[in-house]
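What follows is one structure encoded as structure tokens, with my remarks underneath.
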Amino acid sequence: MNEKQRLEQQIINKNPSDIKSEKDQDLERIKSTSSDEMIAKYFQTTYQAPNMKDAKKRGKQDTQVHYDFEIPEDMKNIGEGKKFLIRTYGCQMNEHDTEVMAGILADMGYETTYDQQEADIILLNTCAIRENAENKVFGEIGHLKSLKRENPDLILGVCGCMSQEESVVNRILQKHQFIDLIFGTHNIHRLPQLLKEALFGKEMVVDVWSKEGDIIENLPRQRKGNIKAWVNIMYGCDKFCTYCIVPFTRGKERSRLPEDIIQEVRHLAAQGYKEITLLGQNVNAYGKDLDMEYGLGDLMDEIHKIDIPRVRFTTSHPRDFDDRLIEVLAKGGNLLDHIHLPVQSGSSEVLKIMNRRYTRERYLDLVRKIREAMPNATLTTDIIVGFPNETEEQFQETLTLVEEVGFEGAYTFIYSPREGTPAAKMQDNVPQEVKKERLQRLNAVVNHQAAQAMSKYEGEVVEVLVEGESKNNPDVLAGHTYRNKLVNFRAPKSMIGQIVPVKITKAKTWSLDGEMVETAEVR
Ligand code: 5AD
Ligand code: SF4
């Protein structure tokens with residue numbers, strides 16, 4: 001029996017309490033002698049790995065709502081004089097989760113920093129949607145190793161969607177043992193307890209739930225800015241599009257109660273926020289899991305009456321986009337003239353294999369209905385190219401659909417197989433060069449349409465919510481129109497947070513340049 005086999009045998013023979021007390025010493029020995037496999041085996045005796053099969057099981061049982069979140073007494077001031085940094089990857093849902101984690105840490109006395117050298121805690125809030133998103137995070141984890149070496153008291157955590165994947169957790173356990181904490185998307189509210197374990201224990205803390213938990217309503221939030229705010233209306237996704245990891249990483253669909261959402265929006269309005277974005281992975285399924293006849297249209301109708309100037313929502317799924325919602329959106333007012341409606345492909349055959357549950361014709365029908373009710377609405381979309389078996393003809397159907405709808409913007413992606421999803425079992429058989437070439441052709445059409453739509457604004461006056469200084473030039477202010485067009489213009493800084501009329505002097509592909517005017521006809 002060699003050293004590795006001997007250690008392995010010892011570990012298998014241990015009972016859990018011995019493991020806990022002896023773990024430090026063992027870990028040191030294992031690190032210097034053993035294989036990756038053995039480390040994984042060792043850890044599996046003490047931690048619960050996320051399980052993609054369990055994540056797929058959707059129970060009928062009700063989700064409980066809790067209003068009793070509290071920071072444990074012994075953790076209330078633990079962060080005094082200390083700082084945290086959260087690096088966020090991916091979608092707005094993650095951005096908002098970061099606001100919640102920041103709120104929890106602030107309630108424990110920690111302060112925000114953007115300088116990793118002075119941080120006592122660094123959390124990576126990760127995205128799993130495509131492989132390149134994951135590669136970025138693993139790159140960052142690699143960079144953090146030297147920081148941990150310089151400062152062994154630094155707590156390094158990995159959370160968000162990647163933590164919900166078995167393969168990611170195993171990879172961190174095997175290759176990045178300097179990470180202190182891994183937790184998932186379902187147990188953010190346990191951050192104080194997990195941090196305590198990470199601070200006072202010596203072993204890596206891994207707490208990832210395969211099954212989603214309840215809804216915790218009273219979590220603190222440290223919102224980024226005081227002009228625009230995100231409001232979750234639901235969590236999870238039950239659509240299981242065959243390429244998508246989200247139903248596994250975010251769990252089943254769970255809607256917040258209308259009264260809780262409305263109270264949050266009212267509160268934001270009272271605090272002076274000018275724009276809210278209602279968030280969910282599939283917002284059109286809102287309410288389906290609640291025991292009442294109430295959907296997104298009904299919710300929007302109530303929010304429409306709240307005194308907040310702008311309301312957006314994302315992301316929509318064409319399948320669940322119903323007439324009631326269209327009827328309410330047509331009322332306008334604070335409900336903005338912009339709909340993001342991911343189509344993914346223009347080919348009914350590809351849509352079928354993607355399990356999107358609509359055809360090209362049904363999508364176009366929906367667009368027609370929306371246009372009838374909201375003639376000025378901007379439509380944008382998400383598209384994937386190079387899905388398994390996508391032919392040149394099927395791709396061309398995507399191009400013609402983009403033209404037919406007249407999308408004014410699109411997030412376009414090359415298909416990326418995600419382990420555990422049904423599509424990952426299909427042969428990823430479109431060559432990479434073909435995928436890249438399709439993406440370029442698609443982007444050329446999208447850019448052309450975006451530029452054309454922008455050019456119509458030259459000479460017009462639009463209302464802009466002034467969000468702050470432009471990213472590229474602090475002397476210029478930036479904001480968005482009702483139809484979500486980015487406008488850069490010169491105006492006094494005191495205008496930040498106001499909605500002001502701006503005359504457009506120049507249209508570019510993705511933004512407009514303008515000058516603030518006194519008052520005039522606005523579009
Ligand atoms: N590969 C490429 N793009 C994907 N998306 C989701 N999953 C994948 C994948 N496996 C895209 C979809 C979705 C957007 C958020 O990301 O277009 O709407
Ligand atoms: Fe993913 Fe489809 Fe759900 Fe969107 S609707 S999150 S693409 S499974």
Side-chain angles (χ1 to χ4, degrees), residues 52 55-56 58 89-95 126-136 160-162 164-165 167 185 212 232-255 279-286 288-289 296 313-321 339-347 350-358 363 379-390 395 398 401-402 407 409-430 432 435-436 438-439 442-443 446:
M52 304 288 263
K56 187 162 185 175
R58 303 276 128 136
Y89 301 80
C91 66
Q92 292 156 328
M93 191 66 79
N94 264 16
E95 294 274 356
T126 62
C127 169
I129 198 97
R130 281 170 293 276
E131 197 185 356
N132 55 6
E134 294 202 352
N135 290 343
K136 262 195 232 160
C161 288
M162 277 171 68
Q164 294 292 146
E165 294 179 272
S167 57
T185 56
E212 60 291 310
N232 271 126
I233 64 167
M234 61 185 299
Y235 305 93
C237 180
D238 284 347
K239 278 284 179 276
F240 290 101
C241 302
T242 51
Y243 51 81
C244 189
I245 193 88
V246 169
F248 302 94
T249 59
R250 289 277 173 177
K252 72 171 180 180
E253 288 172 357
R254 290 147 289 149
S255 301
L279 284 184
Q281 250 82 35
N282 169 18
V283 285
N284 305 81
Y286 176 75
K288 286 192 168 175
D289 56 313
L296 182 63
F313 60 103
T314 199
T315 291
S316 284
H317 191 295
R319 164 80 183 207
D320 297 325
F321 207 109
I339 295 175
H340 186 68
L341 194 61
V343 65
Q344 312 299 358
S345 166
S347 153
V350 174
L351 288 170
K352 186 151 199 234
I353 311 171
M354 286 179 164
N355 192 31
R356 290 290 290 177
R357 306 179 212 203
Y358 55 84
Y363 186 90
L379 285 178
T380 56
T381 198
D382 290 352
I383 296 170
I384 298 174
V385 300
F387 189 73
N389 294 311
E390 185 192 59
F395 170 67
T398 298
L401 180 117
V402 169
F407 291 118
Y411 294 106
T412 56
F413 308 103
I414 286 180
Y415 168 69
S416 163
R418 306 312 295 130
E419 197 182 322
T421 62
K425 296 193 191 83
M426 303 173 198
Q427 206 194 341
D428 183 16
N429 55 359
V430 179
Q432 192 62 17
K435 288 179 177 171
K436 283 191 184 154
R438 287 183 189 166
L439 187 72
L442 173 61
N443 285 345
V446 171

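Order of listing sets the numbers, starting from 1, for every ligand and every atom in it.
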Practice task
Distance to 0.1 Å, residue and atom name: give those for the protein heavy atom nearest to atom 10 (N) of ligand 1.
Solution key: S416 O, 2.8 Å
Practice task
Assign the ring pair F313 / F321 to parallel, tilted or perpendicular, where the plane angle (0 to 90°) is split at 30° and 60°.
Solution key: tilted
Exercise for the section: Report the member of R130, R418, H317 with the shortest heavy-atom distance to atom 5 (N) of ligand 1. Expected result: R130
Fill in the blank from the handout: atom 15 (C) of ligand 1: closest protein heavy atom, distance to 0.1 Å, is D382 OD2, 3.8 Å
Problem - Single hit among F413, Y415, Y243 for side-chain contact (heavy atoms from CB on, under 4.5 Å) with R130 - result: F413
Practice task
Spell out, as yes or no, whether a donor-acceptor pair under 3.5 Å connects the side chain of T381 to the backbone of V343.
Solution key: yes
Problem - Side chains of T412 and N443, donor plus acceptor under 3.5 Å - result: yes
Fill in the blank from the handout: the protein heavy atom lying closest to atom 3 (Fe) of ligand 2 turns out to be C237 SG, 2.2 Å
Exercise for the section: Please could you name the atoms of ligand 1 that Q344 approaches to less than 4.0 Å, counting only its heavy atoms? Expected result: 12 (C), 13 (C), 17 (O), 18 (O)
Handout entry: Over-ring placement of R250 relative to Y235, 6.0 Å and 45° cut-offs
Key = no
Completion exercise
Logged contact type for F413 with ligand 1, heavy-atom cut-off 4.0 Å, is side chain
Exercise for the section: Report the relative orientation of the aromatic rings in Y358 and Y363; use parallel for angles under 30°, tilted for 30 to 60°, perpendicular for over 60°. Expected result: tilted
Practice task
Would you mind listing which atoms of ligand 2 come within a distance below 4.0 Å of any non-hydrogen atom of R356?
Solution key: 2 (Fe), 7 (S)
Practice task
State, yes or no, whether a side-chain contact exists between D320 and N282 at a heavy-atom distance under 4.5 Å.
Solution key: yes
Problem - Under 2.8 Å: N/O/S of C241 next to atom 2 (Fe) of ligand 2 - result: yes
Handout entry: Which of the ligand 2 atoms, numbered from 1, are nearer than 4.0 Å to a heavy atom of V246
Key = 6 (S)
Practice task
Using a 4.0 Å heavy-atom cut-off, say whether I129 meets ligand 1 through its side chain, its backbone, both or neither.
Solution key: both
Practice task
Please could you name the atoms of ligand 1 that Y415 approaches to less than 4.0 Å, counting only its heavy atoms?
Solution key: 1 (N), 2 (C)
Problem - SB check D428 K435 (cutoff 4.0 Å) - result: yes
Exercise for the section: Examine distances only and state if a side-chain atom of E253 and a backbone atom of G236 form a donor-acceptor pair shorter than 3.5 Å. Expected result: no
Practice task
Verify, without hydrogens or angle tests, whether R319 (side chain) and R357 (backbone) share a donor-acceptor contact under 3.5 angstrom.
Solution key: yes
Exercise for the section: Just jot down the ligand 2 atoms closer than 4.0 angstrom to any heavy atom of P247, in number order. Expected result: 8 (S)
Practice task
Quick one: look up the protein heavy atom nearest atom 7 (S) of ligand 2 and list residue, atom name and how far away it is.
Solution key: Y243 OH, 3.4 Å
Practice task
Measure the distance from atom 4 (Fe) of ligand 2 to every protein heavy atom, then report the residue, atom name and distance (to 0.1 Å) of the closest one.
Solution key: Q281 O, 4.2 Å
Problem - Any I414 heavy atom less than 4.0 Å to ligand 1 - result: yes
Handout entry: Closest approach of any protein heavy atom to atom 7 (N) of ligand 1, naming residue and atom
Key = Y243 CD1, 3.3 Å
Exercise for the section: Please indicate whether E131 has more than 12 foreign heavy atoms, meaning atoms of other residues, nucleotides or ligands, lying under 6.0 Å from its CD. Expected result: no
Exercise for the section: If you have a sec, work out which protein heavy atom is nearest atom 5 (S) of ligand 2 and how many Å separate them, to one decimal? Expected result: H317 CD2, 3.5 Å
Handout entry: Nearest neighbour in protein (non-hydrogen) for atom 1 (Fe) of ligand 2
Key = C244 SG, 2.3 Å
